[in-house]
Amino acid sequence: MQMLREILEPLLDEVLKSIGVTNAHWRSMLVRSREHDQGDLSLPCFPFAKELGKSPIEIAQQIAESLEAHFAIGEVNAVAGYLNIKANPTWLAQQVMDDAIRIGDAFGKKPANNTHILIEHTSANPNGPFHVGRARNAILGDTLVRLHRLFGNNVRAEYYVDDMGKQVGVLAWALKHLSKEEVEQTLVGREPINEKWQGKADHERVRWYQAAQAIRQERSDKEDIEAEIGRMVHASEHGDEEVLQAFQDAYQPVLDGMLETLKRLGIDFNTFTKESMFVTNGDVSKLMEKFKTFEIHGTADNGAEFLDLGARGLKGKTEFFFRRGDGSSLYATRDIAYHIWKWNQCDQLINVLGEDHKLQAKQVGMTLTELGEKIPDVLFYSFIKLPEGKMSTRKGNVVYMDDLLEEAQAQAAAVVGEIHPDYSPEMVSEIAEAAGTSAVRFNIIKVSPDKGFTFRWEEALAFEGGSAPFIMYSHARACSIARKCAAAGIDLGAAVDSSSELPSSMPKGMVELLRTMCVHQDVLSKAVNDRRPHLFANQLLQLATSFNAFYRDCMILQDGELNVFNFQLSELARNLMRTSMQGLGIVPVEQM
RNA sequence: GGAGGUAUGGUGUAGUGGAUAGCAUCAGGGAUUUCGAAUCCCUGGACCCCGGUUCGAAUCCGGGUACCUCCGCCA
C-alpha cells in the first residue's frame, strides 16, 4: 500500500512530533496489517512508551484522535497498542479508476528506462532431452525475464552454450563410431525411446550418448576410446576448428530439440553465446596471461596454474585453478572471460544457477573483483528431485519435460472435455495445452527458489486451488462477462470510457478486489528487485481469489442492465490479470 | 572433517522484529433456479530442540539435531 503510505506518513509525522516522539525511526515500523480486517497499515506503539512515559494503548488512542482527516483514510482505530489505518474504499476506487495501478500497460510497450539487463539462464548441456530437474532454472529464469519486462525494464535473455565439454565430446564420438544397431544392442534391457519422440533429435541422440557411456565402461578397447575422446576435448580447448565443428554438428540438433520443448513452455531466448568463442577469439589466453601478473598467482608441480583466493578470504580449498598442466583452460576460466564480455553489453547482470554452483560462482566473483570487474547478481535455486530420489539420466531416474507436458495436456483435455462437451476437439486441445503448460510452470514458480522441491505428478497436474488453471479460470470468467455484455447489445467501448459514479457503499468482495489491485504494483516491484518471482505468483493468486469474491458480490449485468462502475472495475481487473499472467508465463486464454 | 542452504497443520507451502501465524490440499459439513461449479462459505489441525538479545521472536544471535548441496588440474 505504497500510495496510502505516502499520504499517511506526513500526517503521522505531524501527530507524532506534537505528542513528543523525537526520532523518525517509526517509518520503518509502519507495516502492512497482518489481519486484513484490521486495516491496511498498522503502527505498533510499544517503542514510544518509554520515551513518552505512557502506555502503548494510550498512545495509540491519542494518535488515532489527533490524526488529521484525509479523503484517503477510511477508518482509524486503536487496538491493544496498535494504530490501525484502513484506506477509504472510495479513495481506492478512485485510484484504480485513475489508472494508478495499471502496471499491465507497461507490457509490450517501450521500456520505462534505459538500464540494460542481461539475464542468463538454463544453459543446459545439450546432450539429451530437457528433463524436469533442469526445469527450475529455465522456468525461474524466464519468469524473471518476463517480470522485468512487465515492470518496464529492458531485458535480454541469454543462453550460454556449452559446446566444448567432455559430454559433447562423448556425444560426438558416439555419433561418429556407433551405428543405430550397435546403440540399440548396447542399450538392450533399458527403457526404449518413447515412440512419440521418434525423430526428435534430443531424444534420438541421447541414445548414442547413453550407449557411449556404457561402452566407455565395458568395452575391451575402452582405453583407446578414452584416449580419442580426450584428444577431441583437448583439441577443442585449443580452438581446433575441425573438432569444434564436429562438436557443433553433434549437439546442435539436440539443442534445437531442447529449445522446442522450452518453446512449448513459453520460454524463449534472445541470444546464444558459445563457450568456444572465448577460446577461439583469444580472450581466454589473454586472461590467463593477466592472471600470471597477480600476486595471488601460483603454479603447481606439473605447471598447472591457480589463484590463491585464501588471501582474499575464501575458506576451505583456496586454490582456484584456471589452467591445466598442459596449458589448456578450464570451464571456470572461460566463464570469467564470458562474464567480462557480458559486462560490456549491459548495466545489470543476473545469472540463474543451481545451488551446486555456489562455490564456483563465489570463485568467479572473487576473481572478477580481482580484475576490477563488477560481480553479477545470482538467483540460486535448490534442486528438483523425484520422490525416488535424485534425478539422474544415468540411472534412468528421470522425467522428461516432453513427457510431462504431454501428460499435462492430456489430463487438462480430459477436464475440459468433461466440462464442455460442446467444444470442438481442436478447441479442447488448444485450451488443454494452455492449461497444462501453465500449470507446470506455475507449480514451480510459486515456491521459494531456495526451498528443496520434490516433483510429484499429482501436484504438477493439479488444476484447482492454488494453480494456474484457477487463475486462468477467473480471467476467462471476466472475459465471459464482457462477451455476455456485448451479446446483450451494450457498447463496451463507450461503457469503458464513460465516467461512472463511485458507489457510495461497497460490498466486501469489491473492497477486497480494490485493495488487492492497489498492492499489485508494490508486490511486482519487490518480486523483481529481490529476484523472488514466487511473491508475484502468490499475489496473482490473491488477485484471482479477490476477483472471484467481487464476482460473487457484485452483479455487472442484471436483467439486461449494465452496472457501469462494476463493469469498468471488472475490465480493469481482467486487464491486470491478463498482463500479470503473461508476466508469469501463464497463457491468458479467453475461454476454457 | 570444512563451507553453504533448508526445517511451519496429515501433505505441499506463505510469512526477513509486532496482534488471533496466511494459503492450498486433506477430512467433515454446507451454498447454488443467478454475469461460467476448475467457484464460494463453515469446521478441524502447525512455527525441529535448547539457550540468548528485545517492550515484543516463526523471523535476529549462539549451540544442537535432521535433510540437501559443494569442497575435481570435470563441465
Side-chain angles (χ1 to χ4, degrees), chain A residues 28-29 31 33-38 42-50 56 79-82 84 125 127 162 164-169 233 275 300 302-306 314-317 319 321-326 328 330-332 334-335 354-360 362 380 382-383 385 390 412 415-416 418-420 435 443 446-448 450-454 456 458-459 462-474 476-485 488 509 530 534-535 537-538 541-542 545 548-549 551-558 562-563 566-567 570 591-592:
Chain A
S28 63
M29 283 155 41
V31 294
S33 309
R34 185 188 289 197
E35 288 297 319
H36 239 233
D37 291 341
Q38 284 161 335
S42 294
L43 184 71
C45 298
F46 306 95
F48 307 137
K50 202 175 265 178
V79 181
Y82 290 86
N84 295 319
N125 286 342
N127 60 358
D162 184 358
M164 50 187 306
K166 192 154 208 168
Q167 303 195 0
V168 188
V233 172
E275 191 182 336
N302 66 347
E305 295 171 64
F306 60 87
L314 188 70
K315 291 178 198 162
K317 182 186 179 270
E319 290 119 341
F321 279 89
F322 64 87
R323 177 152 33 200
R324 290 194 185 88
D326 67 8
S328 60
L330 285 131
Y331 174 82
R334 285 167 241 143
D335 200 26
E355 61 181 345
D356 56 336
H357 281 70
K358 275 186 181 174
L359 175 62
Q360 168 94 45
K362 183 149 200 174
F380 287 110
S382 188
F383 289 127
K385 58 175 193 286
K390 202 174 157 181
V415 176
V416 179
E418 194 176 325
I419 298 171
H420 286 290
N443 182 242
K446 71 174 179 186
V447 310
S448 178
D450 51 13
K451 208 80 106 176
F453 188 100
T454 303
R456 292 187 177 87
E458 60 276 23
E459 278 169 20
F463 293 154
E464 39 183 28
S467 70
F470 171 86
I471 295 164
M472 295 168 77
Y473 190 77
S474 294
R477 206 184 227 178
C479 294
S480 169
I481 294 172
R483 279 196 302 271
K484 280 269 156 56
C485 293
D530 296 355
H534 73 283
L535 296 180
N538 285 302
L541 224 33
Q542 181 61 51
T545 303
N548 290 343
Y551 174 85
R552 181 191 65 225
D553 292 349
C554 306
M555 294 299 285
I556 290 160
L557 190 62
Q558 201 160 21
L562 186 76
N563 180 320
N566 287 358
F567 176 68
S570 174
Q591 53 182 315
M592 56 190 296

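Sequence lines set the chain letters: A, B, ... in the order given, protein chains first and strands last, and positions in each chain run from 1. All values below come from the heavy atoms of this structure, side chains included, with hydrogens, waters and symmetry mates left out. None of these values were measured; they are calculated from a predicted model.
Distance from the side chain of A:Glu464 is smallest to B:A38 among B:A19, B:A38, B:G36. In the set B:A75, B:U69, B:G36, B:U69 carries the atom at the smallest distance from any side-chain atom of A:Asp356. In the set B:G72, B:C68, B:G18, B:G18 carries the atom at the smallest distance from any side-chain atom of A:Tyr82. Of the candidates B:U16, B:G15, B:C74, the closest approach to any side-chain atom of A:Leu535 belongs to B:G15. Closest approach to the A:Leu330 side chain among B:C68, B:A75, B:C40 is made by B:A75 (side chain taken as heavy atoms from C-beta onward). The side chain of A:Met555 has B:U34 as its nearest neighbour among B:G36, B:C68, B:U34. Taking every side-chain heavy atom of A:Asn548 into account, B:C40 is the closest of B:C40, B:U6, B:G18. The side chain of A:Pro469 lies closest to B:A38, out of B:G4, B:A38, B:C35. When distances are taken from the side chain of A:Glu275 to each of B:A75, B:G36, B:G12, the shortest belongs to B:A75. Looking at the side chain of A:Leu359, the nearest of the listed nucleotides B:C70, B:A38, B:C35 is B:C70.
Put simply, A:Lys50 has a side-chain N or O that comes within less than 4.0 Å of OP1 or OP2 on B:C55. For the pair A:Lys451 and B:G12, the criterion of a side-chain N or O lying under 4.0 Å from OP1 or OP2 is not met. The phosphate of B:A38 has OP1 or OP2 within less than 4.0 Å of a side-chain N or O from A:Tyr473. The shortest distance between the side-chain N/O atoms of A:Arg334 and the OP1/OP2 oxygens of B:A75 is below 4.0 Å. The phosphate of B:C74 has OP1 or OP2 within less than 4.0 Å of a side-chain N or O from A:Arg324.
No engagement by A:Lys446 is indicated, since no non-hydrogen atom pair under 4.0 Å with the nucleic acid exists. Counting non-hydrogen atoms under 4.0 angstrom, A:Asn566 reaches nothing in the nucleic acid. Within 4.0 Å of A:Phe322, counting heavy atoms only, lies no atom of the nucleic acid at all. Residue A:Ala300 is classed as a base contact, given a heavy-atom separation below 4.0 Å to a base. Residue A:Pro47 is in base contact, counting any heavy-atom pair closer than 4.0 Å across all strands shown. Residue contacts for A:Met472: at a heavy-atom cut-off of 4.0 Å it reaches no nucleic acid atom on any strand shown. Contact annotation for A:Asn302: base contact, defined as any heavy-atom pair under 4.0 Å involving a base atom. Within 4.0 Å of A:Cys554, counting heavy atoms only, lies at least one base atom of the nucleic acid. Counting non-hydrogen atoms under 4.0 angstrom, A:Gln360 reaches a base of the nucleic acid.
Distance NE2 (A:His534) to P (B:U6): 12 Å, rounded to an integer number of Å. As a whole-Å value, the separation of A:Phe48 CZ from B:U54 C1' is 16 Å. If you measure from atom CZ of A:Arg456 to atom C1' of B:C26, you get 14 Å, rounded to the nearest angstrom. Rounded to whole Å, atom C1' of B:G2 lies 13 Å from atom NZ of A:Lys362. Residue A:Phe463 contributes atom CZ, which lies 18 Å from atom C1' of B:G36 at whole-angstrom precision. At whole-Å resolution of the value, NZ in A:Lys317 and P in B:U69 are 21 Å apart. For the pair A:Asn538 CG and B:A21 P, the computed distance is 20 Å after rounding to whole Å. Rounded to whole Å, atom P of B:U69 lies 13 Å from atom NZ of A:Lys358.
A donor N or O paired with an acceptor N or O is found under 3.5 Å between the base of B:A19 and the side-chain atoms of A:Ser42. Applying the 3.5 Å distance criterion, the base of B:G36 shares a donor-acceptor pair with the side chain of A:Ser480. No donor-acceptor contact under 3.5 Å links the side chain of A:His357 to the base of B:G4.
By the 5.5 angstrom centroid cut-off and the 30-degree plane limit, A:Phe46 is classified as stacked against the base of B:G18.
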Practice item. Please lay out, stage by stage, how A:Cys485 and A:Ile556 fare under the test side-chain contact (heavy atoms from CB on, under 4.5 Å). Key: CA-CA 9 Å; A:Cys485 293; A:Ile556 290 160; 4.3 Å; yes
Review point. How far apart are the C-alpha atoms of A:Val416 and A:Phe463, what are their side-chain angles, what is the distance that settles it, and do they pass the side-chain contact (heavy atoms from CB on, under 4.5 Å) test?
Key: CA-CA 11 Å; A:Val416 179; A:Phe463 293 154; over 6 Å; no
Check your understanding: Would A:Asn443 and A:Glu459 count as a side-chain contact (heavy atoms from CB on, under 4.5 Å) if you check the C-alpha gap in whole Å, the side-chain angles of each, and the deciding distance to 0.1 Å?
Key -> CA-CA 7 Å; A:Asn443 182 242; A:Glu459 278 169 20; 4.1 Å; yes
Practice item. Kindly indicate, with the supporting measurements, whether the criterion side-chain hydrogen bond (donor to acceptor under 3.5 Å, both in side chains) is fulfilled by A:Ser42 and A:Asn84. Key: CA-CA 5 Å; A:Ser42 294; A:Asn84 295 319; 2.7 Å; yes
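Consecutive Watson-Crick or G-U pairing (both distances under 3.5 Å) extending over three or more pairs maps onto RNA chain B as B:1-7 with B:65-71, B:10-13 with B:22-25, B:26-31 with B:39-44, B:48-52 with B:60-64.
Residues A:Asp162 and A:Asp450 each lie close to RNA chain B; by heavy-atom proximity, the contact nearer the 5' end of the strand is made by A:Asp450. Toward the 5' end of RNA chain B, the nearer of the two residues A:Gly325 and A:Val31, judged by each one's closest nucleotide, is A:Val31.
Relative to the six-membered ring of A:Phe383, A:Lys390 misses at least one condition, a distance below 6.0 Å or an angle of at most 45° to the axis.
Nearest approach of A:Pro56 to A:Phe46, heavy atoms of both residues: CG-CD2, 3.6 Å.
A:Lys446 places a side-chain N or O within donor-acceptor distance of the main-chain N or O of A:Gly466, the cut-off being under 3.5 Å. Under a 3.5 Å cut-off, the side chain of A:Lys451 and the backbone N or O of A:Phe453 do not form any donor-acceptor pair. Checked by atom type and distance alone, the side chain of A:Thr545 pairs as donor or acceptor with a backbone atom of A:Leu541 at under 3.5 Å.
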